[in-house]
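All values below were derived from every heavy atom in this structure, side-chain atoms included, with hydrogens, water molecules and symmetry-related copies excluded. Throughout, numbering of the chain's residues begins at 1 and tracks the sequence.
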Amino acid sequence: MHFGKIVKSVAQAQGLSAEEFAVLLGRTGKEVLDLYEQEEWGSNTIKAASSALEYDFGKYLNEGYTYNFHSSSQINQREFLLIVKYPKGKGYLLQSWLSKIMLIAKAIGLEME
């Protein structure tokens with residue numbers, strides 16, 4: 001079994017280029033292309049690919065052991081982290097804007113931290 005080829009086919013089936021998949025993994029496009037060429041992957045890389053592609057690559061491993069590389073809670077929940085850079089003196093406006101965004105998010109049933 002060639003893990004790189006398996007992951008590449010799943011990524012491509014989802015319409016992701018190597019560069020797009022690299023962004024999801026937090027790697028460079030070159031690193032992803034190198035991974036596609038590797039027959040064996042480490043468990044951390046398999047887990048990262050499973051999460052990024054929402055695909056259970058654990059099923060390609062030892063059938064006698066259950067791997068939890070892609071838990072069902074990851075399927076139903078997403079996180080969006082936002083960094084806003086603002087000039088000095090605009091903090092109050094930013095806080096006002098964010099409080100309105102948080103009200104809207106809560107109104108449509110999203111969790112806010």
Side-chain angles (χ1 to χ4, degrees):
M1 161 183 34
H2 193 290
F3 231 87
K5 288 181 181 178
I6 293 169
V7 175
K8 180 180 181 179
S9 68
V10 171
Q12 288 179 338
Q14 293 184 12
L16 295 173
S17 68
E19 291 76 22
E20 292 166 329
F21 184 40
V23 169
L24 295 175
L25 286 177
R27 295 180 179 234
T28 66
K30 168 104 173 74
E31 288 173 320
V32 167
L33 291 173
D34 290 342
L35 282 172
Y36 286 163
E37 299 300 318
Q38 294 178 14
E39 188 170 339
E40 294 183 20
W41 286 25
S43 61
N44 286 340
T45 308
I46 295 169
K47 184 174 182 176
S50 292
S51 294
L53 296 174
E54 297 180 4
Y55 188 89
D56 183 15
F57 290 107
K59 67 184 178 183
Y60 294 102
L61 302 174
N62 184 348
E63 292 181 16
Y65 182 79
T66 303
Y67 294 88
N68 189 17
F69 286 135
H70 184 68
S71 69
S72 59
S73 65
Q74 291 174 323
I75 293 173
N76 297 325
Q77 294 225 338
R78 301 266 189 230
E79 228 178 55
F80 185 83
L81 303 176
L82 176 68
I83 297 173
V84 178
K85 295 181 180 182
Y86 59 93
K88 189 174 182 180
K90 298 286 184 173
Y92 178 76
L93 291 174
L94 177 61
Q95 283 182 324
S96 174
W97 177 75
L98 287 174
S99 67
K100 290 174 186 172
I101 295 297
M102 289 177 70
L103 286 173
I104 293 168
K106 287 179 183 178
I108 62 172
L110 302 179
E111 290 180 32
M112 298 295 297
E113 290 183 27

Original post:
Side chains of S9 and K5: does their closest heavy-atom pair fall under 4.5 Å?
Top reply: no

Subject >> Close side-chain approach of L25 to V32, heavy-atom, < 4.5 Å >> reply: yes

**OP:** Show your reasoning for whether side chain to side chain contact (heavy atoms under 4.5 Å, CB included) applies to T45 and R27.
**Re:** CA-CA 11 Å; T45 308; R27 295 180 179 234; 3.6 Å; yes

Give me the atom names and distance for the closest heavy-atom approach of [X] to [Y].
| X | Y | result |
| --- | --- | --- |
| Q38 | H2 | O-CE1, 3.4 Å |
| G29 | A22 | N-CB, 3.6 Å |
| Y36 | A11 | OH-CB, 3.5 Å |
| V7 | A49 | CG1-CB, 4.3 Å |

Original post:
Near E39 CD, under 6.0 Å, is it more than 12 heavy atoms from other residues, nucleotides or ligands?
Top reply: yes

Can you tell me how far the [atom1] atom of [X] sits from the [atom2] atom of [Y], to the nearest 0.5 Å?
| X | Y | atom1 | atom2 | value |
| --- | --- | --- | --- | --- |
| K85 | L94 | NZ | CG | 14.0 Å |
| K30 | L33 | NZ | CG | 7.5 Å |
| I46 | I6 | CD1 | CD1 | 9.5 Å |
| L35 | E31 | CG | CD | 7.5 Å |
| F21 | K8 | CZ | NZ | 12.5 Å |
| L98 | L93 | CG | CG | 11.0 Å |

Subject >> Parallel, tilted or perpendicular, as decided by the 30° and 60° cut-offs, for the rings of F3 and F57 >> reply: tilted

Original post:
Do side-chain atoms of S51 reach the backbone of K47 as a donor and acceptor pair under 3.5 angstrom?
Top reply: yes

Original post:
Is there a chain of hydrophobic side chains (I, L, V, M, F, W, Y, each step under 4.5 Å between heavy atoms) that links W97 to Y86?
Top reply: yes

